[in-house]
Amino acid sequence: MAAAVVGEGDARQLKLLGMWASPFAHRVRVALQLKGLEYEHVEEDMGNKSELLLASNPVHKKVPVLLHGDCPIPESLVILEYLDDAFPGAGRQAILPADPYRRAVARFWAAYVDGKLHGMMLNALLGATEEERAAGTADTLAALDKLEGAFAECSGGKKEFFAGDEPGYLDIVLGGFVGWLRAWDKVGGVKLLDAGRIPRLTAWAARFAELDAAKEVTPDPDRIAEYARVLLARRAAAAAASE
Ligand SMILES: N[C@@H](CCC(=O)N[C@@H](CS)C(=O)NCC(=O)O)C(=O)O
């Protein structure tokens, strides 16, 4: 897709403060690609955050942050909405559905992904005890079952994506997690995307990963597994230090 001129008549550049393994940064990169917007990607070191990140997101100190010229926009879901507002003409379609009810449904499930699924996956990986990790895995599987139902509801059971024939808001929001979901058998020893259990979501994830906009930024499962081992080692070191 040809890159759009940023904000027709708006000379401000787009810069994304991100991190390769972050599902939240990943979703913003997919959205920027789908909208055909040129941007500079700045890879942050989470162990040594840049002054620019700390100044741009002093409240949470997290990636992603989109900088539009000097204006920082933190929080991935806020960024997705900003891209539609600031660049309505860019890309083949708006990220959010036009219909108010479909928007509400997409936002409901996006809140579920960030408010529930993310925390469950963290517990499954980094829970302090074996029991907590097992409960996290069970919760994650149950959440994916719910998202299987959401896919049927949103796509009408016939379309390729949550949003219809083309990926939209919820595809991008959940799509940020596809790298981790695909790598989970290497990360947590459990196959989360199991076509026998959640066939629609498993096929959707494969379709999403094949999108040009996603292919370039979806992390390789082995690299994610290696990163997960680093997170586990950090957790073990922190636990040992607090004993
Ligand atoms: N709600 C935030 C979540 C962002 C987030 O959790 N980012 C993580 C990376 S995946 C981060 O920057 N962590 C750094 C830290 O917690 O210090 C969003 O949607 O942007």
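First listed ligand is number 1; within each ligand, the first listed atom is number 1. These numbers come from the heavy atoms of this one structure, side chains and all, not from hydrogens, waters or symmetry mates.
For ligand 1, the polar-atom distance check against E75 finds a nitrogen or oxygen pair separated by under 3.5 Å. Not one N or O of P64 is nearer than 3.5 Å to an N or O of ligand 1, by distance alone.
The shortest contact between atom 16 (O) of ligand 1 and any protein heavy atom is with K62 CE, 3.5 Å. Closest to atom 20 (O) of ligand 1, if we only count protein heavy atoms, is S76 N, 2.9 Å. The nearest protein atom to atom 4 (C) of ligand 1, hydrogens excluded, is given as V63 O, 3.2 Å; this is a heavy-atom distance. Scanning all protein heavy atoms for the shortest distance to atom 10 (S) of ligand 1 gives S22 OG, 3.3 Å.
Aromatic ring centres of F87 and H68 lie closer together than 6.0 Å. Ring pair F177/W180: centre-to-centre distance not below 6.0 Å.
Judged by the shortest distance from any of its heavy atoms, K49 lies inside the 4.0 Å radius around the atoms of ligand 1.
For the 3.5 Å distance criterion, the side chains of E44 and S50 qualify, holding a donor opposite an acceptor. Y39 and R29 share a side-chain donor-acceptor pair at under 3.5 Å.
Screening residues 206-243 for ring-ring contact (aromatic ring centres under 6.0 Å, His included), with sequence neighbours left out, gives W20-Y227, W204-F208.
The proximity of M46 to ligand 1, defined as any non-hydrogen pair under 4.0 Å, is limited to the side chain.
In terms of heavy-atom proximity, R103 sits nearest to P97 at CG-O, 2.7 Å.
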